[in-house]
Every structure is written in structure tokens, then in C-alpha cells.
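To start, the structure under review is shown below, and the notes come after it.
Only heavy atoms go into these numbers, but all of them, side chains included; no hydrogens, no water, no symmetry mates. Remember, it's a predicted structure, so these values are computed and weren't measured experimentally.
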Amino acid sequence: MKVNQSSIPVSLAPLLNVISASTVSGLIEADSTTNPKLEESVTLPQLVEKVNTVLADSDTHIKVKVHDKTNTIMVVVVNDDTEEVIREIPSEKMLDMMYNICVNVGVFLDRKI
């Protein structure tokens with residue numbers, strides 16, 4: 001599985017291909033060949049640990065957090081040296097905007113005119 005590189009900055013394209021190609025497909029293939037029914041599931045901390053071991057060479061790691069208002073899981077890619085956030089998936093601003101739209105739609109639908 002390759003990531004479409006046209007919409008990704010050049011510096012992140014190899015990183016995302018490493019994650020998508022080796023980690024995700026490797027985990028899926030390993031689980032599906034040894035256990036086709038996937039009875040034994042991988043927990044989120046275990047998956048984060050496996051991804052972080054793959055990312056160790058690129059001086060980045062991921063953090064998983066939950067958005068407060070929407071209870072949506074966010075993955076944050078962070079630089080090891082500077083602790084700078086490289087990318088948020090999905091973006092916290094987008095989740096805030098989605099929450100505000102839902103609140104406003106609720107206000108419009110709940111009022112009787």
C-alpha cells in the first residue's frame with residue numbers, strides 16, 4: 001500500500017510510505033495468516049509501540065490522544081528532538097470546527113419557530 005504523494009510534503013512522503021507499507025500491511029498480513037479470524041486483537045498501546053519502533057530511525061514518534069469535545073481519536077506525529085508537532089491526523093482545528101458546526105445545527109433544529 002503506497003500513499004498518494006501528490007498531496008503530501010516531500011519530507012513526509014517516505015515516512016508515510018514506511019508506516020503504511022511495512023507496519024500496517026505487515027501487521028495485517030501477520031495476523032491474517034496466523035489467525036484468519038483475528039481472534040487475538042492488538043491493543044492500541046501495542047500498535048503505537050510497534051509504529052514507534054519503525055519510526056525510531058526517522059527521529060519521530062507518534063502519540064495517540066482523544067479530542068475532548070468529540071471523543072475522536074487523534075494521532076500526532078512528533079519530532080523527537082524538538083517535540084514539534086509535525087502532523088495531526090485528524091487535525092484538532094478540523095475537529096473543533098466539526099464540533100462547532102454540530103452544536104450550531106443542533107441549535108437550529110432544537111428551536112421551534
Side-chain angles (χ1 to χ4, degrees):
M1 166 182 12
K2 291 288 183 184
V3 177
N4 182 5
Q5 296 180 359
S6 62
S7 62
I8 300 171
V10 176
S11 62
L12 292 179
L15 172 67
L16 293 176
N17 283 332
V18 167
I19 294 171
S20 62
S22 65
T23 306
V24 177
S25 62
L27 289 174
I28 293 170
E29 289 171 7
D31 286 343
S32 63
T33 56
T34 58
N35 194 355
K37 295 183 181 180
L38 294 175
E39 294 172 4
E40 201 173 304
S41 61
V42 178
T43 63
L44 187 60
Q46 291 172 339
L47 187 59
V48 169
E49 177 114 6
K50 288 180 182 182
V51 171
N52 283 336
T53 56
V54 171
L55 293 175
D57 294 336
S58 63
D59 294 329
T60 58
H61 65 279
I62 65 168
K63 293 181 182 179
V64 177
K65 62 182 185 177
V66 177
H67 188 258
D68 295 332
K69 297 174 185 174
T70 61
N71 289 330
T72 304
I73 295 175
M74 297 174 50
V75 177
V76 181
V77 181
V78 181
N79 186 341
D80 287 337
D81 299 330
T82 62
E83 291 297 317
E84 175 189 6
V85 174
I86 297 171
R87 178 169 286 187
E88 293 177 327
I89 307 166
S91 170
E92 189 168 8
K93 290 180 182 180
M94 290 300 292
L95 291 175
D96 287 340
M97 187 175 69
M98 183 179 75
Y99 174 77
N100 290 332
I101 289 172
C102 290
V103 167
N104 289 334
V105 167
V107 168
F108 291 129
L109 294 178
D110 291 341
R111 286 190 183 165
K112 192 172 186 178
I113 300 176

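The CD atom of Glu84 sits 12.0 Å away from atom OG1 of Thr60, with the distance rounded to the nearest 0.5 Å. The CE atom of Met94 sits 12.0 Å away from atom CE of Met74, with the distance rounded to the nearest 0.5 Å. Taking CD of Glu49 as the reference point, atom NE2 of His61 lies at 12.0 Å (rounded to 0.5 Å).
Within the 4.5 Å cutoff, the side chain of Asp96 has heavy atoms near those of the Glu92 side chain.
Within the structure, salt bridge (Lys or Arg N to Asp or Glu O under 4.0 Å) pairs that include any residue of residues 66-81 do not occur (at least two apart or interchain).
Nearest heavy atom pair, residue Pro90 against residue Ile73, reads CD-O, 3.7 Å. Closest approach of Thr70 to Met98, counting heavy atoms only: CG2-CE, 4.0 Å. In terms of heavy-atom proximity, Ile62 sits nearest to Leu55 at CG2-CD1, 3.7 Å.
No donor-acceptor pair under 3.5 Å is formed between the side chain of Ser91 and the backbone N or O of Glu88. The backbone N or O of Val66 lies less than 3.5 Å from no partner atom in the side chain of Asn71, so there is not a single donor-acceptor pair.
Grouping the Ile, Leu, Val, Met, Phe, Trp and Tyr side chains by contacts below 4.5 angstrom, directly or via other members, places Val78 apart from Leu44. Both Val105 and Met97 belong to a single network of hydrophobic side chains, linked directly or stepwise wherever heavy atoms of I, L, V, M, F, W or Y lie under 4.5 Å apart. Linking ILVMFWY side-chain heavy atoms closer than 4.5 Å, directly or via other members, places Leu95 and Val75 in two distinct hydrophobic clusters.
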